[in-house]
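Inspection log for the structure reproduced underneath, given as structure tokens.
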Amino acid sequence: MKELNSIATDRQRGAVIIIVLWTAVLLTVLVTAMAGKVRLSATTVVHNYDASAEWAGLMGTLSKAEAELMLELMPRPVTEERDEEQDRYREPRYRFNGQALELYYPQSQEYMVRIFDHGGKINLNGINRNILQRYIEHWLGGPEEADPDEVEELVWTWVDWTDLNDQPAFASGAEREYYESLDPGFVPRNYRELDTVEEILHIRGFADLLDGVNVDAAFTVYGNHSAINLNLATRDAMQLIPGMSDAIIEDIIAYREVEDIDSQLEIAELIPFENLQLMQQLVGYSTTTSYFSIFVYPRPEGLQDSSRIIFEDGEFINPDPVRQAWQEIVEVTGFRNLPRVLKVDPYGRLPDTSPARLLEQDRPIDVPGS
């Protein structure tokens, strides 16, 4: 009898131990799960705080960039003294050519600001038929290599897109019937002005023609200029101009880093005569607009000076590796009115922001300080 009681007691103790162990396991699991949830909540709070702080910093920097454009239109104080150390007066508005800016209202060093005046882009709404033909010939490899039939077809396709009717101008054109037959179908603009630069890629043949081109960096639909101001021109736009070569583009960028281009003579000193002949009516030196693309983004880690390119292993490397940033296109009409926002793109593609891809000894010798 005693042995049976002992066995029963041992079984009860064993059951209690098992229950205690399972209870411990369950409590451990519950505590671990609760700790995980607490950790996740804490991490979420930290990330939300960081995101809110970054958003506030970015938007604050963007507002200061807008204020920069407004301040530029304010009359200069009568008491302002000219810097006598400068050989020539430099136009302040030409700094809106994509260079990294230090604003009047000091911005956080954690953010970079670049502003592009649209006077440095090819104005799609300022191109007439003859100039368009010159551009297309250049984009197809030059007058000698371009197929005349293909050039004519692209020209008339453009004409059909921008005319006011649905009748093809020539058999080589494309009108409503063609575009509605696509999948998905759409209707052509049928108006003389494009609404966005991306619209050019909807015109038959132009998406292939401009394959690989950052159209937002090279073109604009704002302003009434027909010639590109070389003081403001993006590298992306200059690469599309007939007669421009990589060497000429880098010479222009190197020159304007230290001096304004302010005469036709200076343009002629930078561009050989035979090349300049191909650019008639396409380039200038004085046009500015009231339209700007503002880019704001966190400063890349370790970036100290974005104005000098890195030459490494025989290649030029842009010290600023950022290719996408918060973008706003704004119109600034005066210092009394806030800029009018025309476009917002959180993932806007930056134009090529690298400094002149030239070694110091290869820079134009007549540029002061080179």
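In this chain, numbering begins with 1 at the start of the sequence shown.
Of the charged side-chain nitrogens involved, none lies within less than 4.0 Å of a carboxylate oxygen, so that Asp216 and Arg349 do not count as a salt-bridged pair. Between Glu102 and Arg95 there is no salt bridge, since no side-chain nitrogen of the basic residue lies less than 4.0 Å from a carboxylate oxygen of the acidic one. Salt-bridge annotation for Lys121 and Asp236: absent, with no side-chain N of the basic residue lying under 4.0 Å from a carboxylate O of the acidic one. Look at Arg357 and Glu315 and you find no salt bridge, because none of the NZ, NE, NH1 or NH2 atoms lies under 4.0 Å from a carboxylate O.
Side chains of Tyr297 and Arg114: a donor on one and an acceptor on the other come within 3.5 Å. Using a 3.5 Å distance cut-off with no hydrogens or angles, the side chains of Thr353 and Asn318 do pair a donor with an acceptor. Between Thr289 and His225, the side chains place no donor N or O within less than 3.5 Å of an acceptor N or O (distance only, hydrogens not considered). No donor-acceptor contact under 3.5 angstrom links the side chains of Gln167 and Asn165, judged on distance only.
Annotation for Phe311: atom CZ counts as buried by contact number, over 12 foreign heavy atoms lying within 6.0 Å. The number of heavy-atom neighbours closer than 6.0 Å to CD of Glu180, taken from other residues, nucleotides and ligands shown, is above 12. Around CD of Glu177, the count of heavy atoms belonging to other residues, nucleotides or ligands within 6.0 Å does not exceed 12.
Results of the salt bridge (Lys or Arg N to Asp or Glu O under 4.0 Å) test with Lys343 over Glu198, Glu331, Glu328 single out Glu198 as the only residue that passes. Among Thr220, Asn229, Thr288, Leu232, the one residue that satisfies the side chain to side chain contact (heavy atoms under 4.5 Å, CB included) test with His118 is Thr220.
Applying the side-chain hydrogen bond (donor to acceptor under 3.5 Å, both in side chains) test to every pair with at least one member in residues 186-195, sequence neighbours left out, gives these pairs: Asp166-Asn190, Arg189-Glu199.
Asp305 meets the side-chain contact (heavy atoms from CB on, under 4.5 Å) test with Ser307, Arg308; sequence neighbours excluded.
What you find for Arg176 and Pro188 is that their closest heavy atoms are CA-CD, 3.7 Å.
Using a distance-only test at 3.5 Å, with no hydrogens or angles considered, a donor-acceptor pair links the side chain of Asn125 to the main chain of Leu194.
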